[in-house]
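Just follow the structure's listing: the first ligand is 1, and inside any ligand the first atom is 1.
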Amino acid sequence: MTRQSFARNAALLITVCLFLAPLRAQKFDGLALTPPMGWNSWNKFGCNVDERLIRETADAMVSQGMLEAGYRYLVIDDCWQGIRDSMGWIHPNPARFPSGMKALADYVHARGLKFGIYSCAGNLTCAGYPGSRGHEFQDAITYAQWGVDFIKYDWCNTAGLNAASAYTTMRDALFAAGRPIVFSICEWGDNQPWLWGKDIGHLWRTTGDIAPCFDCEVNHGSWYSLGVMKVVEMRKGIRHYAGPDHWNDPDMLEVGNGMTVNEDRAHFSLWCIMAAPLMAGNDIKAMNGATRDILTNHEVIAVDQDSLGIQGFRYTTLRGGVEVWVKPLVRGDWAFCFLNRSETTRNIEVNWKDYALEDGLSKQAINPAATTYTVRNLWKRQNIGSTTQELRADIQAGDVLMMRLVKQ
Ligand code: GLA
């Protein structure tokens with residue numbers, strides 16, 4: 001090949017690549033290899049968001065040990081929006097965010113956190129503020145300029161839209177804007193996002209909105225929000241859709257928002273067994289020690305953040321109704337969570353040799369009859385014996401006994 005023809009071919013190749021680039025839009029890969037962790041304003045503060053709350057929460061995320069425990073994304077949910085101007089650009093509400101979003105993102109970033117925001121695929125958000133429909137590419141450019149790292153994208157007021165297409169449009173817009181942004185699909189499960197979400201977003205809501213109660217439903221007129229166990233029961237058989245970079249999202253945490261300490265602990269344990277995103281939803285500035293201990297228990301969080309990324313499952317239910325939840329972990333370890341959903345204390349007797357099981361999905365297996373495991377109580381952070389010994393324990397109402405079986 002002559003030098004001229006080489007140059008000509010190279011120029012042609014570059015032209016073809018540039019031409020094809022927009023066609024190859026994709027999600028930003030690798031941003032959520034473990035379930036995203038952070039804080040979101042909605043569950044506690046609803047529409048009462050302003051820059052002071054976000055700054056104070058950013059400071060508290062650091063001082064309360066949340067960042068150190070892994071909670072990185074600080075996400076402002078609905079109601080931050082002001083007007084869309086005559087050119088179609090979105091602006092924050094100037095009364096609530098007088099310094100602007102870029103300055104706020106800088107403040108959050110300066111504390112080592114990442115900055116997240118909310119929008120909606122419809123014309124209006126769920127709370128009635130301007131949504132992104134028809135402005136996806138403009139909004140993505142704006143978010144990139146502000147320094148956004150995470151976008152929660154909701155599904156209200158979307159009449160006539162196809163869910164997979166609408167979320168693909170926003171995915172492509174984010175990719176075109178060029179800033180890696182975690183894309184959180186908030187479609188509530190109506191259009192089965194686990195079937196199409198993997199190449200579009202990093203996580204997708206599987207259910208409607210969570211409520212701060214263990215097993216209730218809250219009637220809002222045209223819709224219900226769901227207590228923790230209602231969320232857990234609502235979607236079964238979708239664990240195989242989850243994995244590194246594409247997670248089932250049973251909604252943000254209600255730890256610290258009014259349940260008992262036992263129930264908060266059970267809620268958090270189940271989210272970790274399910275490899276759920278861990279978005280705290282309480283007032284971090286004012287949380288008490290019990291709430292902080294739950295949210296920042298490194299050993300329980302390690303179950304959620306395990307690099308295998310296998311969503312755990314309910315293995316069996318014992319006499320008396322205690323449920324046994326399990327999750328395969330790296331190096332052949334397993335998490336076991338015994339859940340007492342009843343309203344009275346339950347006693348369990350566990351002969352570990354009865355717990356030989358294989359997970360059909362991941363092909364991970366455990367056989368305590370053949371291999372001995374150290375048994376570690378994760379909430380007490382204590383080794384409590386080995387699988388050669390029988391385990392007897394009382395589990396209080398609405399509480400769990402959560403253990404890691406560590407291969408010896
Ligand atoms: C929907 C979402 C919630 C929250 C609100 C905001 O209900 O599911 O998580 O974002 O909208 O209006």
Side-chain angles (χ1 to χ4, degrees), residues 35-50 53-54 57 73-82 84 90 92-93 96-97 115-133 139 143 148 150-159 161 163 166-167 170 181-194 197 201-213 216-228 230-232 234-235 247-258 267 271 276-283:
M37 293 175 65
W39 176 86
N40 175 297
S41 54
W42 184 255
N43 283 356
K44 177 69 185 178
F45 296 97
C47 270
N48 295 319
V49 286
D50 59 25
L53 170 71
I54 301 307
T57 301
Y73 293 97
L74 198 162
V75 182
I76 313 175
D77 207 282
D78 207 348
C79 309
W80 59 265
Q81 303 86 344
R84 202 174 271 293
I90 188 76
N93 178 319
R96 293 171 186 263
F97 297 92
F115 183 64
I117 212 164
Y118 162 104
S119 191
C120 183
N123 298 318
L124 297 174
T125 69
C126 296
Y129 292 88
S132 290
R133 185 171 184 177
D139 284 357
Y143 303 152
V148 168
F150 184 110
I151 172 95
K152 171 176 167 182
Y153 203 57
D154 215 336
W155 187 243
C156 280
N157 306 302
T158 50
L161 283 179
Y167 281 94
M170 195 56 179
I181 293 180
V182 173
F183 191 30
S184 167
I185 297 172
C186 180
E187 188 277 339
W188 323 311
D190 298 1
N191 290 281
Q192 301 178 291
W194 45 89
H202 302 91
L203 58 160
W204 50 78
R205 278 274 293 279
T206 54
T207 36
D209 288 10
I210 195 169
C213 55
C216 74
E217 277 181 11
V218 182
N219 187 345
H220 299 270
S222 58
W223 61 285
Y224 285 85
S225 54
L226 306 167
V228 166
K230 293 277 187 288
V231 169
V232 169
M234 192 163 172
R235 305 280 180 225
W247 306 100
N248 286 321
D249 173 11
D251 205 358
M252 304 169 298
L253 296 165
E254 292 283 17
V255 174
N257 282 345
H267 166 32
W271 262 231
L278 299 178
M279 302 298 287
N282 59 315
D283 185 352

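- Every atom of ligand 1 with a heavy atom of Arg205 under 4.0 Å away is listed here by number and element: 8 (O), 9 (O).
- If you check which protein heavy atom lies closest to atom 4 (C) of ligand 1, you get Asp77 OD1, 3.5 Å.
- The minimum heavy-atom distance between Tyr167 and Asp154, with the atom names listed, is OH-O, 3.2 Å.
- Among Asn248, Asp251, Asp249, the one residue that satisfies the side-chain hydrogen bond (donor to acceptor under 3.5 Å, both in side chains) test with Arg205 is Asp251.
- For the pair Asn257 and Lys44, the tightest heavy-atom approach, listed with the atom from each and the gap, is OD1-CD, 3.7 Å.
- Annotation: atom 12 (O) of ligand 1 to nearest protein heavy atom, Asp78 OD2, 2.8 Å.
- Using a cut-off of 4.0 Å between Lys/Arg side-chain N and Asp/Glu carboxylate O, Asp139 and Arg84 are scored as salt-bridged.
- Near Ala127, meaning under 4.0 Å from any of its heavy atoms, are these atoms of ligand 1: 12 (O).
- The proximity of Asp154 to ligand 1, defined as any non-hydrogen pair under 4.0 Å, is limited to the side chain.
- Among all non-hydrogen protein atoms, the one lying nearest atom 9 (O) of ligand 1 is Lys152 NZ, 2.7 Å.
- Protein heavy atom in closest approach to atom 7 (O) of ligand 1: Asp209 OD2, 2.7 Å.
- In this structure, Trp188 has a heavy atom closer than 4.0 Å to ligand 1.
- Between Cys126 and Cys156, a gap of under 2.5 Å is found separating the two SG atoms.
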Practice task
Decide side chain to side chain donor-acceptor pair (under 3.5 Å) for His220 and Ser225; before the verdict, give the C-alpha distance in whole Å, the side-chain angles of both, and the deciding distance to 0.1 Å.
Solution key: CA-CA 7 Å; His220 299 270; Ser225 54; 2.7 Å; yes
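- Backbone and side-chain nitrogen or oxygen atoms of Asp251 are examined, and none is located within less than 3.5 angstrom of a nitrogen or oxygen of ligand 1.
- The shortest non-hydrogen separation linking Gly281 to Asn43 is O-CB, 3.5 Å.
- At a 4.0 Å heavy-atom cut-off, ligand 1 touches Cys186 through the side chain alone.
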